[in-house]
Novice: 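Before anything else, here's the structure in question.
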Amino acid sequence: MREYSIRQAAEADIDEARAVMLDAVYRDFGTGYVPRWHADIIDPVSFYVTPPRHALLVAVDERDGTVAATAALDARGPAHPPNPHWLAERFPSGETAQLRRVYVRPEHRRRGLARHLVDGLLEFARADGGYRSVYLHTYPHSPGAMGLWQALGKVVCDEREEVPGGGSGAVHFEIPFA
């Protein structure tokens, strides 16, 4: 079994982390790069590395030094629109640690990397001291996502069932945070 190290992304990791994220939006989501949704992927340093309350973690394959997975956290709650108004109120910016860009390259999946990365982000959020909740959204077609998030948290809104017309199809989760 391969060995991995989980760490804050260093400058040398940024290009590979960006590649992991871009590969996911093209391969797993089929959307490709959409500027209004993915500006943080193009400039992860400004979104996740430089701001003191944000984080970008990477899982690095110790065998060859490549980035196998990413996970990010920021202090921006879900925006309305496109998310339901009540959801934006429940998870306000500044008080909400939003998990983002939890992506694992296909050849590295099923090894617990996403869970280890999320554990690291939860530790980061606890140490910050200013977050009162942890939120994320995912899409049911994202490989492995629903199982992971259902094991770690609870669904607070399934747009497919709760939003007229199915909304964007996103499923919103809250992760216990104590």
Novice: Report the residue from S46, P51, P44 that forms a side-chain contact (heavy atoms from CB on, under 4.5 Å) with Y48.
Specialist: P44

Novice: Taking distance alone, no hydrogens or angles, what donor-acceptor pairs closer than 3.5 Å link side-chain atoms of residues 136-153 to residues at least two apart or in another chain?
Specialist:
none

Novice: Any donor-acceptor pair under 3.5 Å linking the side chain of R76 with the backbone of S93?
Specialist: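 Checking the backbone N and O of S93 against the side chain of R76, no donor-acceptor pair under 3.5 Å is found.
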
Novice: Which atoms form the tightest heavy-atom contact between Y33 and A39, and what is the distance?
Specialist: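 Nearest pair, atom of Y33 first, then A39: OH-CA, 4.2 Å.
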
Novice: Parallel under 30°, tilted from 30 to 60°, perpendicular over 60°: which one fits the rings of F91 and Y135?
Specialist: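 Aromatic pair F91/Y135 classed tilted.
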
Novice: Considering only heavy atoms from C-beta outward, does the side chain of L87 approach that of H80 to under 4.5 Å?
Specialist: no

Novice: So, taking the atom named CG in L117 and the one named CD1 in I6, what distance separates them when rounded to the nearest 0.5 Å?
Specialist: 4.0 Å

Novice: Looking only at heavy atoms, which two atoms of V104 and A69 are closest? And how far apart?
Specialist: CG2-CB, 3.7 Å

Novice: So, for A75 and R53, which heavy atoms are closest and what is the spacing to 0.1 Å?
Specialist: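 Residues A75 and R53, closest heavy atoms: CB-NH1, 4.1 Å.
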
Novice: Is there a side-chain contact (heavy atoms from CB on, under 4.5 Å) between T31 and H38? Walk through the geometry before answering.
Specialist: CA-CA 10 Å; T31 62; H38 304 128; 3.7 Å; yes

Novice: When you check the gap from the basic side-chain N to the acidic O, do R100 and D40 get nearer than 4.0 Å?
Specialist: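 Salt bridge absent between R100 and D40.
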
Novice: Determine whether T66 and R105 make a side-chain contact, defined as any pair of heavy atoms from C-beta on separated by less than 4.5 Å.
Specialist: no

Novice: Is there a path of hydrophobic side-chain contacts, each under 4.5 Å between heavy atoms, that joins V102 and V155?
Specialist: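 Yes, same cluster.
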
Novice: Side chain of T50, backbone of V45: donor and acceptor closer than 3.5 Å?
Specialist: yes

Novice: Please examine the side chains of R18 and R101, heavy atoms only from C-beta on, and report whether any two atoms are closer than 4.5 Å.
Specialist: no

Novice: Looking at side-chain heavy atoms only, is the closest gap between R115 and V118 below 4.5 Å?
Specialist: no

Novice: Taking it one step at a time, do D119 and L121 satisfy side-chain contact (heavy atoms from CB on, under 4.5 Å)?
Specialist: CA-CA 5 Å; D119 288 346; L121 291 176; over 6 Å; no

Novice: Tell me whether V163 shares a hydrophobic cluster with F173, the cluster being built from Ile, Leu, Val, Met, Phe, Trp, Tyr side chains joined at under 4.5 Å.
Specialist: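 Unlinked, V163 and F173 end up in two clusters.
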
Novice: Hey, does M21 have a side-chain heavy atom less than 4.5 Å from the side chain of L56?
Specialist: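 Touching, per the 4.5 Å side-chain cut-off.
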
Novice: Can you name the side-chain hydrogen bond (donor to acceptor under 3.5 Å, both in side chains) partners of Y131, sequence neighbours left out?
Specialist: none

Novice: How long is the span from the CG atom in D13 to the CG atom in L57, to the nearest 0.5 Å?
Specialist: 10.5 Å

Novice: Quick one: NE2 on H172 to CD on Q98, what's the gap to the nearest 0.5 Å?
Specialist: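 So the gap between those two atoms works out to 9.5 Å.
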
Novice: Shared ILVMFWY cluster between F29 and Y26, side chains joined below 4.5 angstrom?
Specialist: yes

Novice: With a 4.5 Å cut-off on side-chain heavy-atom distances among I, L, V, M, F, W and Y, is there a chain of contacts connecting I42 to V67?
Specialist: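 Same cluster: I42 reaches V67 through Ile, Leu, Val, Met, Phe, Trp or Tyr contacts under 4.5 Å.
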
Novice: What distance do E159 atom CD and N83 atom CG have between them, rounded to the nearest 0.5 Å?
Specialist: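 These two atoms lie 6.0 Å from each other.
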
Novice: What closest approach, in Å, do P78 and A88 show between heavy atoms, and which atom pair accounts for it?
Specialist: O-CB, 3.2 Å

Novice: Atom CZ of F177 and atom CZ of R126: how far apart are they, to the nearest 0.5 Å?
Specialist: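 Result: 6.0 Å between the selected atoms.
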
Novice: Could you see if V49 belongs to whatever hydrophobic cluster contains V20? Use Ile, Leu, Val, Met, Phe, Trp, Tyr and a side-chain cutoff under 4.5 Å.
Specialist: yes

Novice: Nearest 0.5 angstrom please: E107 CD to D61 CG, how far?
Specialist: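 Going from CD on E107 over to CG on D61, the span is 9.0 Å.
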
Novice: Taking ring pair (Phe, Tyr, Trp, His ring centres under 6.0 Å) as the definition, give me every residue that meets it alongside F47, ordered by chain and number, with sequence neighbours left out.
Specialist: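 In terms of ring pair (Phe, Tyr, Trp, His ring centres under 6.0 Å), with neighbours along the sequence ignored, F47 is linked to no residue.
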
Novice: For R109, is the CZ atom crowded, meaning more than 12 foreign heavy atoms sit under 6.0 Å from it?
Specialist: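 Yes.
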
Novice: Checking side chain to side chain donor-acceptor pair (under 3.5 Å) for the pair Y4/H116: CA distance, chi angles, key distance, verdict?
Specialist: CA-CA 10 Å; Y4 298 90; H116 286 300; over 6 Å; no

